[in-house]
Amino acid sequence: MSGVLIRPMRADDVPTAERLSDEAFLELDRRVFRRDQPDPEPRRPDHSAGWVERTRHLLGTDAAGCWVAEEDGAMLGFATSLRREGTWVLATYAVRPGQQGRGLGKQVLDAALTHSQGCLRGMLSASDDPRAVRRYLLAGFTMHPQMSLSGAVDRTAIPPDAGAKVREATAADTDLMDSVDRHCRGAAHGPDHPLMQRIFRAVVSDSTTGSGYAYLNPRGAVALLAATNRRTAQRLLWSAIAEGPGEQTIGHVTAANAWAVEIGTAVRLGLRTSGYLALRGMRPPTTYLHNGALL
Ligand SMILES: CC(C)(COP(=O)(O)OP(=O)(O)OC[C@H]1O[C@@H](n2cnc3c(N)ncnc32)[C@H](O)[C@@H]1OP(=O)(O)O)[C@@H](O)C(=O)NCCC(=O)NCCS
């Protein structure tokens with residue numbers, strides 16, 4: 001371990017970090033995957049491109065939160081994190097398979113945690129890796145089990161008015177989105193909204209009784225959903241399901257999101273557990289389904 005260098009991530013590290021991350025998560029998926037699930041596969045090229053774009057964005061907004069572990073000039077691990085209005089978020093974190101369990105993860109996470117100084121709240125979406133879970137527990141996070149609902153949608157269960165009062169978002173809705181973020185999780189996404197608006201389709205529901213928005217990925221799945229109340233959150237999720245494909249997944253659902261479990265169950269999606277929402281200084285958001293990396 002004496003030759004390990006912990007240093008800030010640079011822009012030219014991003015492609016190597018992306019490959020390392022794919023390798024580490026594929027190895028983890030192969031280690032923990034359930035027999036009734038499809039075999040884990042390497043990341044698709046469009047996912048890799050999105051990963052690189054997001055990480056370059058974070059190097060622009062939060063260079064002090066992005067760190068690399070290097071030995072003899074080779075990257076062995078990294079952690080990227082961001083800080084938004086007093087909330088620290090761990091975006092992604094991995095150590096090369098074969099090098100895990102020797103303390104590299106602790107060193108690189110400790111470096112990223114220096115970026116959390118002054119933040120009363122912290123959020124991250126944890127994998128099922130017991131090594132990751134141990135690191136987060138020791139860093140003061142509380143682990144909230146997450147669920148995902150997936151399968152073929154029973155379209156007969158979709159209410160006829162699904163999609164009512166939901167419209168396409170425009171850049172002019174960004175202030176509203178930030179306000180809804182603050183209501184739901186105590187901090188706006190700020191500079192992450194323009195990035196998400198490039199990558200995802202954005203929809204809004206804004207009425208006198210409640211406001212909210214959702215980002216939908218190119219396959220129509222919810223990539224983030226935030227609302228000021230349950231009814232608006234349900235309206236946004238129903239709209240996404242009605243417009244989405246025949247097979248769907250609703251991910252990042254905690255016990256605080258019973259409204260989402262009810263909708264997923266109503267359309268006959270199957271419920272299973274998957275990782276944890278790890279939180280420090282805050283309770284699990286209720287009318288909110290986070291984005292795995294930008295939370
Ligand atoms: C999570 C990860 C980044 C941690 O890096 P690492 O170098 O393995 O971490 P460290 O060696 O510093 O710490 C791992 C801790 O778990 C412990 N550990 C190792 N195997 C374990 C197991 N099977 N069960 C429980 N704890 C275990 C280690 O002893 C160590 O704890 P200690 O420092 O108190 O002794 C790395 O394991 C990884 O890339 N995992 C796959 C991808 C992933 O899950 N990333 C996190 C996404 S949220």
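What you see is a predicted model; the values in this text were computed from it and never measured. Just follow the structure's listing: the first ligand is 1, and inside any ligand the first atom is 1.
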Run the salt-bridge test on [X] and [Y] with the 4.0 Å N-O cut-off and return the result as yes or no.
X: E262; Y: R230; result: yes
X: R83; Y: D62; result: no
X: E23; Y: R19; result: no
X: D161; Y: R235; result: no

> Around ligand 1, what residues show up once you keep those with a heavy atom under 4.0 Å from it?
Replying inline: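 Under the 4.0 Å cut-off, ligand 1 touches F25, L28, Y93, A94, V95, Q100, G101, R102, G103, L104, G105, K106, S125, A126, S127, D129, P130, R131, A132, R134, R135, Y136.
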
>> Which residue in the set D173, T174, D181 passes side chain to side chain donor-acceptor pair (under 3.5 Å) when paired with Y213?
In response: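 Single side chain to side chain donor-acceptor pair (under 3.5 Å) partner of Y213 among D173, T174, D181: D181.
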
> What is the distance from atom OG of S116 to atom CZ of R121, rounded to the nearest 0.5 Å?
Replying inline: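 Rounded to the nearest 0.5 Å, the OG-CZ separation comes out at 12.5 Å.
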
